Peer 1: 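Sending over a structure as structure tokens; questions will come in a sec.
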Protein chains: 2
Amino acid sequence: MSSSIEDLCIEKGLKLTSQRRVILQVIEESDDHPDVDLLYKRASELDQSVSIATVYRTVRVLEEAGILTSHQFGDGRARFEALSEDHHDHLIDVETGEVIEFHNEEIEALQEKIAEALGYELVDHRLELYGRVIKKN
Amino acid sequence: MSSSIEDLCIEKGLKLTSQRRVILQVIEESDDHPDVDLLYKRASELDQSVSIATVYRTVRVLEEAGILTSHQFGDGRARFEALSEDHHDHLIDVETGEVIEFHNEEIEALQEKIAEALGYELVDHRLELYGRVIKKN
DNA sequence: TTTGATATTGACAATCATTCTCAATTAGAT
DNA sequence: ATCTAATTGAGAATGATTGTCAATATCAAA
């Protein structure tokens with residue numbers, strides 16, 4: 001019944017309010033990369049008492065707790081996904097806005113190497129590919 | 001006297017107003033990655049009549065003309081640089097905010113390959129490394 | 001050159017995403 | 001059951017950016 005994300009919140013000492021439970025559920029059930037408005041819409045369907053201010057706050061708290069990550073893809077608003085142990089980058093379909101996740105060890109290693117060569121320890125990175133479907137005919 | 005960026009603007013059919021000339025000059029002389037406020041400050045020193053609205057507009061027009069590119073590094077505002085033929089990516093010093101440019105053919109090729117493997121033609125990409133200086137002792 | 005259509009400008013209002021404020025409520029420890 | 005600190009909803013405030021509009025300036029054509 002209690003989701004794994006809820007357990008993480010308890011570990012981090014976050015209070016589990018009814019609003020947070022709903023938002024957590026929505027996040028857990030989303031495998032796209034929703035923005036705040038979409039999270040708000042989905043949460044509102046389950047519980048009308050959730051306000052958009054709370055969605056903004058919850059999303060920030062969860063990110064600070066290392067449970068969520070946010071991305072900035074082109075358009076102005078932040079998009080979110082649960083932080084999983086398996087790191088991945090994103091390919092964004094420029095026609096549809098669809099987001100495809102991928103992971104490539106070779107490119108990960110290469111980034112470390114580049115940073116090191118410049119005298120830096122890599123603490124984070126952002127790699128986004130923007131592409132158009134190849135139509136074969 | 002007329003800068004190469006000015007020539008590009010003429011080619012694109014953009015009118016060369018005195019305000020634009022000043023902004024173009026500022027862009028040409030900046031080798032950091034200034035945001036709109038900084039461009040505005042630098043332009044104002046040369047010509048007090050330049051308004052921030054015009055900086056915003058000019059920057060947009062120049063980007064549409066393929067003369068400028070904008071980046072979104074972590075903080076909210078857009079930062080700009082003249083678009084040169086030699087493509088590069090960015091490493092951002094997380095302590096100081098300093099931006100270091102680099103280019104790596106291997107990683108460029110790898111990105112193409114990854115996109116292709118997912119069925120996409122790569123139209124653009126964004127690679128940002130966030131690092132901390134390695135202090136040797 | 002002067003003219004004229006059209007683009008550009010400054011000032012500031014409007015917008016959009018996000019954060020803040022504050023009084024009222026609630027979770028969870030005791 | 002009680003208490004304290006965290007959380008909430010509503011809406012105001014913020015910060016970056018874009019839109020509006022009347023006044024002005026550019027560049028092409030006469």
Side-chain angles (χ1 to χ4, degrees), chain A residues 2 5-27 33-41 43-44 46-65 67-80 97, chain B residues 2 5-27 33-41 43-44 46-65 67-80 97:
Chain A
S2 111
I5 296 190
E6 281 190 14
D7 293 343
L8 286 171
C9 287
I10 294 166
E11 277 175 38
K12 299 284 182 178
L14 302 176
K15 283 191 184 172
L16 281 178
T17 62
S18 63
Q19 294 89 335
R20 281 194 181 162
R21 277 180 216 275
V22 171
I23 294 168
L24 291 172
Q25 186 189 337
V26 166
I27 289 168
H33 297 70
D35 60 21
V36 166
D37 267 304
L38 194 45
L39 288 174
Y40 172 58
K41 267 188 205 114
S44 295
L46 302 175
D47 178 352
Q48 293 191 301
S49 84
V50 177
S51 76
I52 192 155
T54 295
V55 177
Y56 270 107
R57 275 188 290 241
T58 302
V59 130
R60 185 152 44 126
V61 166
L62 291 177
E63 188 166 16
E64 284 164 3
I67 295 169
L68 256 198
T69 11
S70 67
H71 303 286
Q72 291 280 157
F73 301 140
D75 49 9
R77 57 229 126 90
R79 297 174 63 175
F80 298 88
Chain B
S2 108
I5 296 191
E6 281 190 15
D7 292 343
L8 286 172
C9 288
I10 294 166
E11 276 175 39
K12 299 284 180 178
L14 301 176
K15 282 190 184 171
L16 282 179
T17 63
S18 63
Q19 293 89 336
R20 282 195 179 160
R21 276 180 217 274
V22 171
I23 295 168
L24 292 172
Q25 185 188 338
V26 167
I27 289 168
H33 296 70
D35 59 21
V36 166
D37 268 303
L38 193 47
L39 289 173
Y40 173 58
K41 268 188 204 115
S44 296
L46 302 175
D47 178 351
Q48 293 191 300
S49 83
V50 175
S51 75
I52 192 155
T54 295
V55 177
Y56 270 106
R57 277 189 289 242
T58 303
V59 131
R60 183 151 45 124
V61 166
L62 292 176
E63 188 167 15
E64 283 164 3
I67 294 169
L68 257 197
T69 13
S70 66
H71 304 285
Q72 291 281 157
F73 301 140
D75 50 8
R77 57 231 127 88
R79 298 174 62 175
F80 298 88

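For clarity, every value in this text was computed on a predicted model and none was experimentally measured. Residue numbering restarts at 1 for every chain, and letters A, B, ... go by the order of the sequence lines.
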Peer 1: Which atoms form the tightest heavy-atom contact between B/Lys12 and B/Ala65, and what is the distance?
Peer 2: CE-O, 3.2 Å
Peer 1: With a 4.0 Å cutoff (strictly under), does any side-chain N or O of B/Tyr56 reach OP1 or OP2 of D/dT18?
Peer 2: no
Peer 1: D/dA10, C/dT8, C/dG10: which one has an atom nearest the side-chain heavy atoms of A/Ser51?
Peer 2: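 So the nucleotide nearest the side chain must be D/dA10.
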Peer 1: With a 3.5 Å cut-off and just heavy-atom distances, do the side chain of B/Arg57 and the base of D/dG19 make a donor-acceptor pair?
Peer 2: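 Looking at the base of D/dG19, it does not pair with any donor or acceptor on the side chain of B/Arg57 (distance under 3.5 Å).
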Peer 1: Within the 4.0 Å heavy-atom criterion, would you say A/Arg60 contacts the bases, only the backbone, or no part of the nucleic acid?
Peer 2: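 The residue A/Arg60 makes sugar-phosphate contact but no base contact.
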Peer 1: Distance from A/Thr58 atom OG1 to A/Leu68 atom CG, nearest 0.5 Å?
Peer 2: 9.5 Å
Peer 1: With rounding to the nearest 0.5 Å, note down the distance linking CD in A/Glu6 to CZ in A/Arg20.
Peer 2: 11.5 Å
Peer 1: Starting at CD1 of B/Ile52 and ending at P of C/dA13, how long is that distance when rounded to a whole Å?
Peer 2: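 Rounded to the whole Å, the gap is 16 Å.
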Peer 1: Out of D/dT26, D/dG9, D/dT17, which nucleotide sits closest to the side chain of B/Lys15?
Peer 2: D/dT26
Peer 1: Where the side chain of A/Arg77 is concerned, which of C/dA17, D/dG9, D/dT17 is the nearest nucleotide?
Peer 2: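 My answer, after comparing the listed nucleotides, is C/dA17.
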Peer 1: What's the closest nucleotide to the side chain of B/Thr17 if the choices are D/dT26, C/dG28, D/dT7?
Peer 2: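 Nucleotide nearest to B/Thr17's side chain: D/dT26.
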Peer 1: Start at the 5' end of DNA chain D and walk down; is the nucleotide closest to B/Gly76 or to A/Arg20 reached first?
Peer 2: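 Nearer the 5' end of the strand: A/Arg20.
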Peer 1: To the closest 0.5 Å, what do you measure between CG (A/Leu39) and CD1 (A/Ile27)?
Peer 2: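 The CD1 atom of A/Ile27 is 5.5 Å from CG of A/Leu39, to the nearest 0.5 Å.
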Peer 1: Nearest to the side chain of B/Thr58, heavy atoms from C-beta on, is which of D/dT17, C/dT9, C/dC12?
Peer 2: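 Shortest atom-to-atom distance from the side chain points to C/dT9.
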